[in-house]
Visitor: 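I'd like to ask you about the structure that follows.
Reminder, nothing fancy here: chain letters follow the sequence lines and each chain counts from 1. Just so you know, these numbers use all the heavy atoms, side chains as well, and skip hydrogens, waters and symmetry mates. These numbers were taken from a predicted model, which means no experiment stands behind them.
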2 protein chains.
Amino acid sequence: MATAARGPATDSPASLAENLCWLLARASQSLTIELTAALAEAGLSPRHHCVLSTAMTGEYTQTALAQAVGLDKTTMVVTIDELEAAGLAERRPAAGDRRARVIGVTKAGVKKVAESRAIVARTQAQILSSLPAHERAPFVDALTRLIGRESV
Amino acid sequence: MATAARGPATDSPASLAENLCWLLARASQSLTIELTAALAEAGLSPRHHCVLSTAMTGEYTQTALAQAVGLDKTTMVVTIDELEAAGLAERRPAAGDRRARVIGVTKAGVKKVAESRAIVARTQAQILSSLPAHERAPFVDALTRLIGRESV
DNA sequence: TATTGTTATACTCTATAACTATA
DNA sequence: TATAGTTATAGAGTATAACAATA
């Protein structure tokens, strides 16, 4: 079974197209596992990192932040709870709306993001190293366009 | 980029590399939702389709099938249960091992796969249409290499 | 009436452990 | 002792609905 364990031995001509969704799911899963393990050394999950790192780039309310990273607002509540408990982020009153909270990043959070970004960069470099250099940008580009597709 | 709602307005140079895992997760999620909706008209989930479609390509025991499509053996039990209840697949005794079961596809299953493959092909064509034709094969290729990376 | 954030709840997918019957 | 399949269970991640405070 030298090849049997590698993947489905599809013999139909439709196999390539048929596998797109499956390929994405597998790639996403294995990379997430890898990144989760790498980020654990900073005590963050990929979602923590993504939210915290994004929060640093502007003044986001919780809802705006949720939309920005593609999370449900209820998931965002839990995520912010955890980041706040860790002292990395905090809910600040929004300027013009007493309902809304702006998510601020604390000093400790800023330091943590620097740390986690280094980890992420290292991990992704490892991952992308399996692609020829000239294919990397087009690949990421194609992915981006695939995501932008439906929301346009 | 006046589109704050489109994605994180990252201002760091690391944004591209930083988003790889996130991009894959988003792409996988949105495509899975789309494919799930499309396949619902055939009464199948993407996982059902993938397992059934793969089972047709050879003589797989449950465990072999699980490895082939990247599912846990316990998930495979449930999947086969459902496919069997729907009359699309069946557990047959394996030739040389009384512990193992070969997953066979029934006549109804074969017809169903033809139907679901058409749906999948149509859906993927739609999805890939957002990429220039000459980028599609390299993109799928890159994805495949990314997955093959760790198991090698 | 609509929206922000919250809580509670449920559902899917996946992972872990223990069991059986074979090998 | 190890393996194929099963069962039960637990854990993520996400989604839905209802609520309070505010707009």
Side-chain angles (χ1 to χ4, degrees), chain A residues 1 4-5 21-22 24-26 28-33 35-37 39-40 44-51 55 59-85 89-104, chain B residues 5 21-22 24-26 28-33 35-37 39-40 44-51 55 59-85 89-104:
Chain A
M1 343 164 179
C21 193
W22 180 83
L24 280 168
R26 298 303 313 276
S28 173
Q29 187 189 20
S30 76
L31 266 58
T32 299
I33 289 174
L35 187 61
T36 301
L39 278 175
L44 293 181
S45 71
R47 205 177 64 217
H48 287 139
H49 164 76
C50 187
V51 167
E59 294 264 304
Y60 292 90
T61 63
Q62 260 184 242
T63 302
L65 195 52
Q67 284 176 340
V69 301
L71 287 178
D72 193 80
K73 64 177 182 174
T74 59
T75 309
M76 186 56 72
V77 170
V78 181
T79 307
I80 302 295
D81 281 350
E82 292 160 350
L83 289 173
E84 204 165 30
E90 55 188 18
R91 294 172 162 96
R92 298 169 185 160
D97 191 333
R98 265 186 296 178
R99 293 172 304 178
R101 322 269 177 93
V102 167
I103 305 306
Chain B
C21 193
W22 181 83
L24 279 168
R26 298 303 313 277
S28 173
Q29 186 187 20
S30 75
L31 266 58
T32 299
I33 289 174
L35 187 61
T36 301
L39 278 175
L44 293 180
S45 72
R47 206 178 62 219
H48 287 139
H49 164 76
C50 187
V51 167
E59 293 264 306
Y60 292 90
T61 63
Q62 261 184 241
T63 302
L65 194 52
Q67 284 176 340
V69 301
L71 288 177
D72 193 80
K73 64 176 181 173
T74 60
T75 309
M76 186 56 72
V77 171
V78 181
T79 306
I80 302 295
D81 282 350
E82 292 160 349
L83 289 173
E84 205 166 30
E90 55 187 19
R91 294 173 163 96
R92 298 168 185 160
D97 191 333
R98 264 185 297 178
R99 294 171 303 179
R101 322 270 178 95
V102 167
I103 305 306

Visitor: Rounded to whole Å, please give me the gap between NZ in A:Lys73 and P in D:dC19.
Guide: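 Those two atoms, NZ and P, are 14 Å apart.
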
Visitor: Students often get this wrong, so: under 4.0 angstrom with heavy atoms, is A:Thr61 touching a base, only sugar-phosphate, or nothing?
Guide: sugar-phosphate

Visitor: Specify the residue among A:Arg99 and A:Gln62 whose closest nucleotide of DNA chain C lies further upstream toward the 5′ end.
Guide: A:Arg99

Visitor: Answer yes or no: does atom CZ of A:Arg92 have more than 12 heavy-atom neighbours from other residues, nucleotides or ligands under 6.0 Å?
Guide: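 It does: A:Arg92 CZ has more than 12 such atoms within range.
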
Visitor: I'd like to know if the side chain of B:Glu84 reaches the main chain of B:Arg91, judged simply by a donor and an acceptor atom lying under 3.5 Å from each other, with no hydrogens or angles considered.
Guide: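 It does hold such a pair.
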
Visitor: So, does B:Thr32 use its side chain to make a donor-acceptor pair with the main chain of B:Ser28 at under 3.5 Å?
Guide: yes

Visitor: Specify the residue among A:Thr75 and A:Gly96 whose closest nucleotide of DNA chain D lies further upstream toward the 5′ end.
Guide: A:Thr75

Visitor: Pick the nucleotide of DNA chain D nearest each of A:Asp97 and A:Asp72; which residue has the one closer to the 5' end?
Guide: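 The residue mapped nearer the 5' terminus is A:Asp72.
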
Visitor: Rounding to an integer number of Å, can you tell me how far A:Ile80 CD1 sits from C:dT6 P?
Guide: 9 Å

Visitor: Would you check if the side chain of A:Trp22 reaches a backbone N or O of B:Val69 as a donor-acceptor pair within less than 3.5 Å?
Guide: yes

Visitor: Take atom CZ of A:Arg101 and atom P of D:dA23, then tell me their distance rounded to the nearest Å.
Guide: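 About 12 Å, once rounded to whole Å.
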
Visitor: Nearest-Å distance, OH (B:Tyr60) to P (D:dA4)?
Guide: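 To the nearest whole Å, that distance equals 16 Å.
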
Visitor: I want to check one thing: is the phosphate of D:dA4, taken as OP1 and OP2, less than 4.0 Å away from some side-chain N or O of B:Gln67?
Guide: no

Visitor: Examine distances only and state if a side-chain atom of A:His48 and a backbone atom of A:Ser45 form a donor-acceptor pair shorter than 3.5 Å.
Guide: yes

Visitor: Take the protein atom CZ of B:Arg98 and the nucleotide atom P of C:dA23, then report the distance between them rounded to whole Å.
Guide: 5 Å

Visitor: Can you measure B:Trp22 atom CH2 to D:dT14 atom P for me and round it to whole angstrom units?
Guide: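 Atom CH2 in B:Trp22 sits about 12 Å away from atom P in D:dT14.
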
Visitor: To the nearest Å, how far apart are A:Arg47 CZ and D:dA12 P?
Guide: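 Rounding to the nearest Å, CZ of A:Arg47 and P of D:dA12 are 10 Å apart.
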
Visitor: Nearest whole Å is fine: how far is D:dT3 P from B:Leu65 CG?
Guide: 20 Å

Visitor: What's the closest nucleotide to the A:Thr63 side chain, out of C:dT4, C:dT6, D:dT6?
Guide: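 Comparing C:dT4, C:dT6, D:dT6 against the side chain of A:Thr63, the answer is C:dT4.
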
Visitor: Counting heavy atoms from C-beta on, name the nucleotide in D:dG5, C:dT6, D:dT7 closest to the side chain of B:Thr74.
Guide: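 Given the options D:dG5, C:dT6, D:dT7, the side chain of B:Thr74 is closest to D:dT7.
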
Visitor: When the nearest nucleotide of DNA chain C is assigned to A:Asp81 and to B:Leu71 on a heavy-atom basis, which residue is associated with the more 5' position?
Guide: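 This one resolves to A:Asp81.
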
